[in-house]
Novice: 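Structure incoming, see below.
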Amino acid sequence: MANKFKSSATVIPVDQSVGTILAHDITEIRPGQFKGPAFRKGHIIREEDVPHLKRVGKEHLYVLHLEPGEVHEDDAALRLATALSGKGVHFDPHPSEGKIQLKAHYRGLLKVDVAALTRINLVPDISCSSRHANSVVEPGDVLAGVRAIPLIIDEENLQAAEEIALSVDDFFSVKPLLTPKTGIVITGNEVFSGLIDDKFAPIIRKKLKDYHCGILGISFAPDDRERIAFEIKQYLQQGAEMIVVAGGMSVDPDDITRVAIADAGARDVVYGTPVLPGAMFLYGRFGDVPVLGLPACVLFFRATVLDLILPRVLAGERITREDFASMAHGGMCLECDTCHFPRCSFGK
């Protein structure tokens, strides 16, 4: 994959330049109107460009001739973008200065094969950068940018990069977000008895509303295993597609919510995460119905593990212990005076 370029610059008349590659920028000056590049280095001369070139005083040009085994940066970018784009990803097939941006076709969760992304950037003369995996993106959001670094790239290097991109499923993709009907159970003797006002419901409502999730209802239960399990089962019988249980998630003897979730029939329960705030978060499933157990930190921090996990759950992912473990790196909130999540390092 070494550089083996044989192309060279030659001077030819403008009238003979169609189809050749410009080896330098050409500046255009229109007094009082414009001063800047009329054509940039790497531009492939078209028939309609010839009169324009003559208007800016060019009768001869320095141009490049591609030799066998060489690829122009625009063609390389187009081939790479095609190989890299998975479900929910689109791009403008006309490169800008040798670069193509991949964009989201719809709202969803960005997935990136990070290991493959690293490998492709080890190929000489290839540049590909992206947003963080598991970012929520909107239609038209830029997901990644790809280009060949030099004006002319070796076909061998380009093919090596294409092979890496095509060796994995959906190098870049966007998973659409589901909008599950959600049953919410808020636990705690103080709230259930009316001694204190509930603070969970408004927060949970807002977070679910941001993802257009329907709410079947909000129930309150004391710190009683049977009652909490009963409320969960009621929602499951009503066709809930997601269950959120808030409160009672710590390790105190009277915090039995996680046990009640298991009593209700949850499987593959993972309790505890290396994300701060969110160490006492719970994830599990009732068949295909996910259940999220929310600790008290959700009340006090704008961004917690819930904000990192909820989009993944809505994208249909099943969260494992390994998933939580991998979130340790970048999983510490810096508790900034003004929260800028998700435009910050938390969860990255």
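Source: prediction; values computed, not measured.
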Novice: Show me the donor-acceptor pairs within less than 3.5 Å that the side chains of residues 338-347 make with the rest of the protein, sequence neighbours left out.
Specialist:
none

Novice: Should the pair K54-E59 be classified as a salt bridge under the 4.0 Å nitrogen-to-oxygen rule?
Specialist: no

Novice: Keeping to residues at least two apart or across chains, list the side chain to side chain donor-acceptor pair (under 3.5 Å) pairs with something in residues 234-245.
Specialist: S219-Y235

Novice: Taking 4.0 angstrom as the limit, do E231 and K233 come out as a salt bridge?
Specialist: no

Novice: Distance check, rounded to the nearest 0.5 Å: K99 atom NZ versus S127 atom OG?
Specialist: 9.0 Å

Novice: For residues 102-111, which residue pairs qualify under side chain to side chain donor-acceptor pair (under 3.5 Å), counting only residues two or more places apart or in two chains?
Specialist: R107-E138, K111-N134, K111-E317

Novice: Cut-off 3.5 Å, side chains only: do D323 and S326 have a donor facing an acceptor?
Specialist: no

Novice: Count the heavy atoms of every other residue, nucleotide or ligand shown that sit under 6.0 Å from CD of Q159, and state whether that count exceeds 12.
Specialist: yes

Novice: At what distance, to the nearest 0.5 angstrom, does OG1 of T273 lie from CZ of R321?
Specialist: 8.5 Å

Novice: Distance-only check: which donor-acceptor pairs under 3.5 Å involve side-chain atoms of residues 160-167, not counting sequence neighbours?
Specialist:
unit_1	atom_1	unit_2	atom_2	d
E162	OE1	R79	NH2	2.8
E162	OE2	R79	NE	3.1
S167	OG	I164	O	2.7

Novice: We want to know whether D74 and H94 form a side-chain donor-acceptor pair, criterion being a heavy-atom distance below 3.5 angstrom.
Specialist: no

Novice: Would you say CZ of R205 has more than 12 non-hydrogen atoms from neighbouring residues, nucleotides or ligands within 6.0 angstrom?
Specialist: no

Novice: Can you give each donor-acceptor pair under 3.5 Å made by side-chain atoms of residues 195-204, sequence neighbours left out, with the distance rounded to 0.1 Å?
Specialist:
unit_1	atom_1	unit_2	atom_2	d
D198	OD1	F200	N	3.1
D198	OD2	A201	N	2.9

Novice: What pairs with D75 under side-chain hydrogen bond (donor to acceptor under 3.5 Å, both in side chains), at least two apart in sequence or on another chain?
Specialist: none

Novice: What is the distance from atom CD1 of I309 to atom CG of L306, rounded to the nearest 0.5 Å?
Specialist: 9.0 Å

Novice: Considering only NZ, NE, NH1 and NH2 on the basic side and carboxylate oxygens on the acidic side, decide whether D210 and K207 come within less than 4.0 Å.
Specialist: no

